[in-house]
Participant: 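After the structure tokens below, expect a handful of questions from me.
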Number of protein chains: 2
Amino acid sequence: MSHSVYSCLMSVDRIQVLRAAAALLTRKATATMDEVARAAGIGRATLHRHFAGRDALVRALEELGLQELEAAHDRARTEEGPADEAVRRLVAEVEPVAPLLSFLVTENQLFEGDQQNEGWERLDARVSALFRRGQEQGVFRIDLTPAWLTEAFYGLVGSGAWAVQDGRVAAKDFQYMIAELLLGGARRSVEK
Amino acid sequence: MSHSVYSCLMSVDRIQVLRAAAALLTRKATATMDEVARAAGIGRATLHRHFAGRDALVRALEELGLQELEAAHDRARTEEGPADEAVRRLVAEVEPVAPLLSFLVTENQLFEGDQQNEGWERLDARVSALFRRGQEQGVFRIDLTPAWLTEAFYGLVGSGAWAVQDGRVAAKDFQYMIAELLLGGARRSVEK
DNA sequence: ACCGAGTGAGACATTGATGTCTCACTCGGG
DNA sequence: CCCGAGTGAGACATCAATGTCTCACTCGGT
């Protein structure tokens with residue numbers, strides 16, 4: 001019995017395999033189970049022993065991503081202080097999960113309504129609440145709905161992840177580019 | 001011989017089939033050739049007569065999307081006037097192509113380097129030039145690279161298309177939401 | 001040294017999409 | 001009216017990925 005209780009029903013092996021899978025699928029979303037197995041340094045049979053099938057693998061990745069995003073929110077303490085600063089902290093904490101997030105988002109678009117993991121709703125609610133809080137604080141404009149700002153947040157994080165991956169943006173600029181555009185926009189403003 | 005010369009080597013039938021395919025694949029990127037055929041109201045055999053295979057179909061859609069995006073640029077006259085107004089015009093003209101654009105972008109991420117259609121480079125260059133022009137005019141901030149602004153533009157248009165499709169944003173707000181966020185950001189500014 | 005759980009490699013069967021082909025049918029021009 | 005190009009429906013063969021199974025091997029604990 002080599003299993004040991006880690007985090008939440010995840011053995012150490014599972015987590016490592018999942019990380020490798022995430023790293024690969026993030027770059028090549030259509031990767032084969034065989035490719036995933038090789039990338040994780042294990043045999044295809046063993047991969048199947050961990051995850052019943054490709055579907056189960058993606059679900060597990062979804063679970064991992066959701067956990068990490070929730071953790072990012074917690075660390076960023078998005079309920080505290082000025083909303084714009086909270087957004088900056090959130091972008092910073094989300095950066096490591098960005099590629100996985102963008103994979104899951106595009107993958108989710110394929111789940112045409114079947115049954116969405118309720119984790120996304122909770123996450124959406126958290127991001128949305130942040131923007132709403134900012135509006136109530138008078139820090140954010142009220143003519144852009146929290147729902148749209150949430151959507152835009154995901155979109156920009158995804159775009160940023162791809163831009164970095166393809167070398168069109170330096171990795172060190174990731175946080176700045178996203179936070180600045182999201183908060184301040186492209187237009188040059190007098191107040192800075 | 002029912003073929004007639006339209007636009008650019010495209011018969012009328014082809015265009016109509018492509019439009020139907022775009023409408024479907026935009027919603028369900030993994031749709032079967034059979035589903036595409038049904039959606040276009042033709043038989044699978046006929047679909048194959050028009051497009052050698054799924055690959056050829058996607059390439060044709062890419063070509064269609066590129067043409068429409070170039071046309072949108074032309075109509076928006078992105079080389080004229082203040083850059084921020086040009087961006088607004090561009091967003092407005094791009095709106096009808098947004099779903100197709102977002103499909104092609106996510107699809108392109110799968111073409112891992114094989115051979116990219118050079119049309120994208122030309123398009124990127126055009127968008128990028130617009131932002132660079134804005135910077136030179138002093139209208140846009142210079143600390144966000146044109147490359148990133150271009151990427152963010154695509155990302156926001158894609159996010160907007162999905163948000164509208166899922167009903168999270170009203171279709172009539174599409175242009176405003178994107179242009180305002182891209183230009184002015186989320187933060188409430190004193191100058192308005 | 002033995003033993004057994006877990007593994008990797010490979011051999012299958014299965015499934016779903018794809019591509020090709022044939023064959024009636026239709027519809028429009030001659 | 002007839003003819004033929006183009007079509008839709010369906011019958012295949014093909015191919016790739018998947019899922020399942022077996023078998024020999026390894027390595028850690030005893």
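Order of the sequence lines sets the chain letters (A, B, ...), proteins ahead of strands, with each chain counted from 1.
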Participant: Quick check for you: among D:dA17, C:dT20, C:dG10, whose closest atom lies nearest to any side-chain atom of A:A45?
Facilitator: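 Out of D:dA17, C:dT20, C:dG10, the nucleotide with an atom closest to A:A45's side chain is C:dG10.
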Participant: Considering only side-chain heavy atoms of B:T32, which listed nucleotide, D:dG8, C:dT18, D:dT20, is closest?
Facilitator: C:dT18
Participant: Which nucleotide sits closest to the side chain of A:M33: C:dG8, C:dT18, D:dG19?
Facilitator: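 Taking heavy atoms from C-beta onward, the closest nucleotide is D:dG19.
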Participant: Is there a donor-acceptor contact under 3.5 Å linking the side chains of B:D84 and B:Q137?
Facilitator: no
Participant: Report the base-pairing partner of D:dC23 (Watson-Crick or G-U wobble, both distances below 3.5 angstrom), or none.
Facilitator: C:dG8
Participant: Out of D:dT18, D:dG8, C:dA9, which nucleotide sits closest to the side chain of B:I42?
Facilitator: D:dG8
Participant: Closest to the A:H50 side chain: D:dA11, C:dC21, C:dT7?
Facilitator: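 Between D:dA11, C:dC21, C:dT7, the one nearest the side chain of A:H50 would be C:dT7.
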Participant: Which whole-number value in Å describes the distance from A:E35 CD to D:dA17 P?
Facilitator: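 About 8 Å, once rounded to whole Å.
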Participant: What is the separation between atom CZ on B:R38 and atom P on C:dT18, rounded to the nearest whole Å?
Facilitator: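 Going from CZ in B:R38 over to P in C:dT18 covers 13 Å.
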Participant: Looking only at the side chain of B:H48 (C-beta and beyond, no hydrogens), which of the listed nucleotides D:dT7, C:dT20, D:dG19 gets closest?
Facilitator: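 Given the options D:dT7, C:dT20, D:dG19, the side chain of B:H48 is closest to C:dT20.
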Participant: What I'd like to find out is whether the side chain of B:M33 reaches to under 4.5 Å of the side chain of B:F51, using heavy atoms alone.
Facilitator: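 SC-SC contact between B:M33 and B:F51 ruled out.
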Participant: When you get a sec, tell me which of D:dT20, D:dA11, C:dT7 is the closest nucleotide to the side chain of A:R44?
Facilitator: D:dT20
Participant: Applying side chain to side chain contact (heavy atoms under 4.5 Å, CB included), run through B:E35 and B:L24 and close with a yes or a no.
Facilitator: CA-CA 8 Å; B:E35 295 176 285; B:L24 175 60; 4.1 Å; yes
Participant: Please give, in whole Å, the distance from D:dT18 C1' to A:L57 CG?
Facilitator: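 Roughly 13 Å, once rounded to whole Å.
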Participant: Could you tell me the Watson-Crick or G-U partner of C:dG29, where both distances fall under 3.5 Å? Say none if there is no partner.
Facilitator: D:dC2
Participant: Can you tell me how far P of D:dG8 sits from CG of B:D34, to the nearest Å?
Facilitator: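 About 12 Å, once rounded to whole Å.
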Participant: D:dA17 P sits how many Å from A:R54 CZ, rounded?
Facilitator: 10 Å
Participant: Heavy atoms from C-beta onward define the side chain here; which of C:dT22, C:dA11, C:dT7 lies closest to that of B:R49?
Facilitator: C:dT22
Participant: Can you tell me how the ring of A:F131 sits relative to the ring of A:F140, calling it parallel under 30°, perpendicular over 60° and tilted otherwise?
Facilitator: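 Plane angle between 30° and 60°, so tilted.
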Participant: Output the rounded distance in Å from CG (B:L47) to C1' (C:dT20).
Facilitator: 14 Å
Participant: If I compare all heavy atoms of A:F153 with all of A:L90, which pair ends up nearest, and what's the gap?
Facilitator: CZ-CD2, 3.8 Å
